[in-house]
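Here is the structure we will look at.
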Number of protein chains: 2
Amino acid sequence: MARDDTAGLIVIGNEILSGKVADTNSTFLARELRAAGVTLRRMVVIPDEIEVIAAEVRAMQPTVDVLFTSGGVGPTHDDVTMAGIARGLGRAVVRDPSLERKLRGYFGADVNDARLKLADVVEGTELEYHGNQSFPTFRVENIYILPGIPEIFRDKVVALRARFNSTPFHLRVVYTREMESTIAEYLNQTLGQFPDLMLGSYPKLNDPEYQVRITLESKDRDYVERALAALLSLLPPHAVVRTE
Amino acid sequence: MARDDTAGLIVIGNEILSGKVADTNSTFLARELRAAGVTLRRMVVIPDEIEVIAAEVRAMQPTVDVLFTSGGVGPTHDDVTMAGIARGLGRAVVRDPSLERKLRGYFGADVNDARLKLADVVEGTELEYHGNQSFPTFRVENIYILPGIPEIFRDKVVALRARFNSTPFHLRVVYTREMESTIAEYLNQTLGQFPDLMLGSYPKLNDPEYQVRITLESKDRDYVERALAALLSLLPPHAVVRTE
């Protein structure tokens with residue numbers, strides 16, 4: 001009963017496209033999903049524009065089990081993620097009464113339009129409270145709408161961990177001191193025998209220890225182990241630095 | 001005669017989607033393009049799959065002035081970028097005679113199928129030699145096909161710098177010690193007066209110096225300076241830590 005859950009990520013932010021900020025959320029999410037056995041199919045970075053967000057949501061949402069968005073959910077003019085997702089799903093943006101109460105309670109006399117904007121959600125959004133987080137995580141249909149600030153993004157992803165629990169990947173790694181083009185034929189032969197293997201080959205420049213890192217993966221542990229044995233039997237013994 | 005060139009980036013690599021490797025090429029390219037006055041509209045990370053690459057190329061190529069790809073151009077089975085782009089453009093993959101001669105000369109008796117795969121290009125590809133690079137950069141139509149290895153990717157982008165020379169952006173930055181939701185109304189008022197301003201607002205957690213970094217940008221220097229003056233006249237004086 002291997003489960004093959006898939007995911008996608010839409011990062012929304014002019015600051016990333018303009019090189020002002022390096023996106024780290026995508027790398028974090030990619031690692032978390034992999035550890036949970038979820039296959040990340042696609043990540044995209046788009047600007048803070050309602051129509052672009054809407055089109056991306058429409059295109060990606062039906063193709064994955066779960067879709068994450070990062071960014072564009074703050075109180076200012078350039079935070080248009082809610083409006084974009086709403087348009088993509090054909091839903092309205094509505095002010096959530098429980099969030100409005102929470103914000104009015106927190107800000108008291110200092111509440112203003114910008115602060116109340118944090119209570120605006122896509123119609124039908126589920127507010128999920130995890131652990132001791134004071135502000136909920138937003139989910140509508142299969143879309144988790146996460147803030148772009150890295151510290152908060154990570155907290156929210158970590159809190160969602162238990163939710164993503166697919167069959168884990170089994171990974172083995174071979175480090176070789178041969179060039180990629182020298183060992184390519186052995187990789188091809190291994191794939192010929194094990195066509196369902198996820199086989200990666202990653203050259204590293206200027207590393208004193210190895211030239212290529214080969215990764216063998218599958219959700220079937222035994223399949224990976226047999227593929228590894230086949231590959232090791234093909235590679236010249238001096239080619240292998242070590243396996244992991 | 002402000003030129004508003006646009007660009008897109010397709011990063012091809014299972015290793016990034018699976019969290020094994022953190023993509024740094026996208027951040028590098030974003031910064032280089034911004035410095036050259038080029039607007040990066042979209043970045044996407046997709047797997048090493050011919051049909052997915054072809055679909056992405058078809059979707060993005062007509063929407064930008066120049067499209068970059070990163071990754072998937074090596075000698076092994078998972079290097080399918082050429083095949084994907086070719087399919088996307090409705091072109092064939094062909095072996096380039098000049099590259100084949102170069103590879104046969106370099107590898108001598110050690111030449112093999114994997115090595116000769118490096119001479120396989122999308123039909124109609126221009127081979128561009130820059131500086132003292134021994135291997136050319138590939139361009140077909142408006143697509144630059146770059147290798148994923150960060151050192152080589154960067155060398156190729158730097159060598160292409162002179163090619164991307166749009167009207168530069170003019171950027172001013174204001175650091176404030178107020179919360180984003182406190183200053184949002186001043187940002188909105190500024191945008192009301194300067195609707196063409198690119199105005200960004202980026203909160204920073206746990207920074208002792210400031211709470212929000214506000215960026216004002218345009219290709220029109222005077223417009224930015226007038227917008228900055230307007231914003232500063234709105235912000236309470238104590239709110240501003242400094243401007244850049």
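Lettering of chains follows the sequences in order, A, B, ..., and the numbering in each one begins at 1. Bear in mind that the values here come from a model prediction, so they are computed numbers and not experimental data.
- With chain B as partner, the option from Ile152(A), Asp23(A), Ile149(A), Leu199(A) having the largest number of non-hydrogen pairs under 4.5 angstrom is Leu199(A).
- When heavy atoms are compared at a cutoff of 4.5 Å, Ile16(B) approaches chain A by way of both its backbone and its side chain.
- Between Glu217(A) and Lys20(B) there is a salt bridge, with a side-chain nitrogen of the basic residue lying less than 4.0 Å from a carboxylate oxygen of the acidic one.
- Separating the OH atom in Tyr202(B) from the CG atom in Asn14(A) is a distance of 5.5 Å, to the nearest 0.5 Å.
- Residues Pro75(B) and Ala184(A) share a closest heavy-atom pair of O-CB, 4.0 Å.
- Heavy atoms of other residues, nucleotides or ligands lying less than 6.0 angstrom from CZ of Arg221(A) number 12 at most.
- Taking OG of Ser181(B) as the start and CG of Asp113(A) as the end, the distance is 11.5 Å to the nearest 0.5 Å.
- Counting heavy-atom pairs under 4.5 Å between each of Thr27(A), Thr76(A), Ile10(A) and chain B puts Thr76(A) at the top.
- No side-chain N or O of Arg34(B) forms a donor-acceptor pair with one of Ser18(A) less than 3.5 Å apart.
- Phe169(B) does not touch chain A: none of its heavy atoms, backbone or side chain, sits under 4.5 Å away.
- When heavy atoms are compared at a cutoff of 4.5 Å, Val52(A) approaches chain B solely by way of its side chain, counted from C-beta outward.
- Pairing each heavy atom of Gly200(B) with each of Asp78(A), the nearest pair is CA-OD2, 3.7 Å.
- Val38(B) does not touch chain A: none of its heavy atoms, backbone or side chain, sits under 4.5 Å away.
- Looking at Met198(B), neither its backbone nor its side chain comes within 4.5 Å of chain A, counting heavy atoms on both sides.
- The contact between Glu49(B) and chain A is made entirely by side chain atoms (from C-beta outward), counting heavy-atom distances below 4.5 Å.
- Heavy-atom distances place no part of Phe28(A) under 4.5 Å from chain B, backbone and side chain included.
- Rounding to the nearest 0.5 Å places CG of Leu191(B) at 4.5 Å from NE2 of His77(A).
- The two residues Arg31(A) and Ala22(B) make their nearest non-hydrogen contact at NH2-CB, 4.1 Å.
- Considering all non-hydrogen atoms of both residues, Met43(B) and Leu17(A) come closest at CG-CD2, 3.9 Å.
- Look at Glu180(B) and Arg115(A) and you find no salt bridge, because none of the NZ, NE, NH1 or NH2 atoms lies under 4.0 Å from a carboxylate O.
- Considering all non-hydrogen atoms of both residues, Thr182(B) and Asn112(A) come closest at CA-ND2, 4.4 Å.
- Contact tally against chain A (heavy-atom pairs below 4.5 Å) for Arg42(B), Glu32(B), Met179(B): the top residue is Arg42(B).
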